[in-house]
Undergrad: 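One structure follows; several queries about it will come next.
Everything quoted here is computed from the prediction, not taken from an experiment.
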Amino acid sequence: MNYRHSFHAGNFADLVKHALVLWLLKERQERGPVSVLDTHAGAGLYDLSGDAVRSREAEAGVARLMAAEARPPLIEALAAEVAALNPQGGARFYPGSPMLTARALRAEDSYRGFELNPPVETLLREALAPWPNATGRAGDGYEEAARAARGLKAPLVLIDPPFERPDDYVRSAETAAAVLGADPTACVAIWTPLKDLETFDGFIRRLEQAGLSRVLVAEARLRPLNNPMKMNGCAMTIVNAPSGADAAAAEICGWTVQALGDPGGRAEVWRAG
């Protein structure tokens, strides 16, 4: 696999994804024990003084987050997690969804993250070692999450592939359908890049054709979608979105576009179907 999340860690798309994941986890915890499944977990923790320096994406993302003033509550919650990992200040270390989730788990909660790349899977296990109810495992996250969901009650499932394979959109939709088929009360959050509307619209149609309902789409477009070779924004598509998700997504995407976007950028939160 050529994709290295360490190259993109801490960019604007991570901020959208992780702020919303923190909110979804907290909301789910208010209703009882929660089991989290993460299809493409990554390393769990990233040193932004490495690969990220070359891309400068973290410089335009988390670095600006930490320097911002008057952050809204859900953005502040993510900033607090970053600050906790950087007691000397700055944003050298950035937590992926495995560590963000692990830090928030209670004794009755659990996290399972899957990673297909062996060296990255080793880093994932090391990052999660301090938390006994958070584990990293080797395997195809699409298959493993669909299988694990059969034995859980109302899991929170994160689908976050690198979208370097032509079938990632299809498999993401199929996995969401399989999880919801195993447990209709599951909540599935799928991150996707926004490059062009045709590709994204096709993905949403696949979810609708699978019969999935209560689909919330939260878009953060940093610039107009007129260059399909560039990641112009990102979206979080949530199936079985809980009450309050619309407002949470609007706060997160709105701040990201306003603080980090180009002229012509916009945030949109809407319901599919």
Side-chain angles (χ1 to χ4, degrees), residues 3 13 16-18 20-25 27-28 31 34-42 96-98 101 110-116 137 139-195 197-220 233-246 248-249 252-253 268-273:
Y3 181 89
V16 172
K17 172 175 57 184
H18 292 143
L20 197 47
V21 164
L22 284 174
W23 182 86
L24 286 169
L25 178 59
E27 189 280 336
R28 183 62 187 80
R31 293 184 282 120
V34 58
S35 298
V36 180
L37 301 173
D38 195 349
T39 63
H40 296 76
S97 55
T101 303
S110 67
Y111 169 90
R112 270 181 277 179
F114 304 101
E115 176 54 49
L116 198 57
R137 302 183 183 184
D140 183 319
Y142 294 121
E143 297 176 358
E144 296 295 340
R147 184 180 299 114
R150 299 178 194 141
L152 300 174
K153 181 179 179 181
L156 172 58
V157 182
L158 310 177
I159 302 177
D160 175 26
F163 290 98
E164 67 172 7
R165 298 171 56 98
D167 64 346
D168 273 331
Y169 285 98
V170 174
R171 295 196 71 192
S172 293
E174 290 177 345
T175 300
V179 168
L180 272 296
D183 183 357
T185 66
C187 177
V188 181
I190 311 163
W191 179 89
T192 58
L194 282 178
K195 295 184 177 181
L197 282 177
E198 182 179 358
T199 300
F200 186 64
D201 287 347
F203 167 69
I204 296 299
R205 284 196 299 272
R206 287 190 180 93
L207 295 179
E208 294 173 340
Q209 291 166 359
L212 303 183
S213 59
R214 295 178 62 198
V215 178
L216 175 71
V217 181
E219 300 182 33
C234 68
M236 284 286 279
T237 301
I238 307 171
V239 186
N240 271 354
S243 176
D246 301 69
I252 292 165
C253 293
E268 292 189 3
V269 178
W270 51 281
R271 295 273 176 169

Undergrad: Which heavy atom in E115 sits nearest to a heavy atom in G42, and how many Å separate them?
TA: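 So the minimum-distance heavy-atom pair works out to OE1-N, 2.9 Å.
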Undergrad: From E27 CD over to S243 OG, what is the distance, rounded to the nearest 0.5 angstrom?
TA: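 Spacing of CD (E27) from OG (S243) equals 7.5 Å.
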Undergrad: Just do the side chain to side chain contact (heavy atoms under 4.5 Å, CB included) check on T101 and D38 with the steps written out, would you?
TA: CA-CA 10 Å; T101 303; D38 195 349; 5.9 Å; no
Undergrad: Of all the heavy-atom pairs spanning P184 and N240, show the shortest one and how long it is.
TA: O-ND2, 2.6 Å
Undergrad: If you look at every heavy atom in A173 and R206, which pair is closest and at what distance?
TA: CB-CB, 3.9 Å
Undergrad: Find the distance between OG1 (T185) and CG (L180) and round it off to the nearest 0.5 Å.
TA: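 The CG atom of L180 is 8.5 Å from OG1 of T185, to the nearest 0.5 Å.
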Undergrad: Taking R28 for the side chain and P242 for the main chain, is one N or O donor matched with an acceptor at less than 3.5 Å?
TA: no
Undergrad: I'd like to know whether T39 forms a side chain to side chain contact (heavy atoms under 4.5 Å, CB included) with F114, so could you lay out the CA-CA distance, the side-chain angles of the two residues, the decisive distance to 0.1 Å, and finally the verdict.
TA: CA-CA 5 Å; T39 63; F114 304 101; 5.6 Å; no
Undergrad: To check you understand the geometry: which heavy-atom pair defines the closest contact between P162 and H40, and what is its length?
TA: CD-CD2, 3.8 Å
Undergrad: May I ask you to test the L20-I238 pair for a side-chain heavy-atom distance under 4.5 Å?
TA: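 The answer is yes; the side chains approach within 4.5 Å.
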Undergrad: With a 4.5 Å heavy-atom cut-off, do L37 and L158 have their side chains touching?
TA: no
Undergrad: So C253 and E219, do their side chains get closer than 4.5 Å, heavy atoms only?
TA: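 No. Closest side-chain heavy atoms not under 4.5 Å.
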Undergrad: Taking C-beta and beyond as the side chain, do S35 and S110 meet within less than 4.5 Å on heavy atoms?
TA: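 They are in contact (side-chain heavy atoms under 4.5 Å apart), so the answer is yes.
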Undergrad: Are any non-hydrogen side-chain atoms of R171 and D140 less than 4.5 angstrom apart?
TA: yes
Undergrad: Given M236 and V21, is the side chain to side chain contact (heavy atoms under 4.5 Å, CB included) satisfied, shown in steps?
TA: CA-CA 10 Å; M236 284 286 279; V21 164; 4.3 Å; yes
Undergrad: Are any non-hydrogen side-chain atoms of V157 and V239 less than 4.5 angstrom apart?
TA: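 No. Closest side-chain heavy atoms not under 4.5 Å.
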Undergrad: Does the side chain to side chain contact (heavy atoms under 4.5 Å, CB included) test come out yes or no for V188 and L156, once each step is laid out?
TA: CA-CA 6 Å; V188 181; L156 172 58; over 6 Å; no
Undergrad: With a 4.5 Å cut-off on side-chain heavy atoms, are W191 and I159 touching?
TA: no
Undergrad: Check residues 141-149 and write down every donor-acceptor pair under 3.5 Å in which the side-chain atom is one partner and the other belongs to a residue at least two apart or another chain.
TA:
from: Y142; atom 1: OH; to: D168; atom 2: OD1; distance (Å): 2.7
from: E144; atom 1: OE1; to: R147; atom 2: NH1; distance (Å): 3.1
from: E144; atom 1: OE2; to: R147; atom 2: NH1; distance (Å): 3.3

Undergrad: For A220 versus V16, what's the shortest heavy-atom pair and its separation?
TA: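 Smallest interatomic distance, heavy atoms only, reads CB-CG2, 4.0 Å.
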Undergrad: Compare every heavy atom of C187 with every heavy atom of L24, then report the nearest pair and how far apart it is.
TA: CD2-SG, 4.4 Å
Undergrad: Hey, is the main chain of V269 close enough, under 3.5 Å, to the side chain of D246 for a donor-acceptor pair?
TA: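 No, D246 side chain to V269 backbone: no donor-acceptor pair under 3.5 Å.
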Undergrad: In terms of side-chain geometry, is the basic nitrogen of D183 or K153 positioned less than 4.0 Å from the acidic oxygen of its partner?
TA: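 Salt bridge between D183 and K153, a charged N being under 4.0 Å from a carboxylate O: no.
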Undergrad: Side-chain polar contacts of residues 198-205 - donor-acceptor pairs under 3.5 angstrom, sequence neighbours left out - could you list them?
TA:
from: T199; atom 1: OG1; to: D196; atom 2: OD1; distance (Å): 3.1
from: T199; atom 1: OG1; to: D196; atom 2: OD2; distance (Å): 3.1

Undergrad: What pairs with R150 under salt bridge (charged side-chain N to carboxylate O under 4.0 Å, His left out), at least two apart in sequence or on another chain?
TA: none
Undergrad: Any heavy-atom pair between the side chains of V215 and R271 that's under 4.5 Å?
TA: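 Sidechains of V215 and R271: no contact.
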Undergrad: How many angstroms lie between NE2 in H18 and CD1 in I252, if you round to the nearest 0.5 Å?
TA: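 If we round to the nearest 0.5 Å, H18:NE2 and I252:CD1 are 11.5 Å apart.
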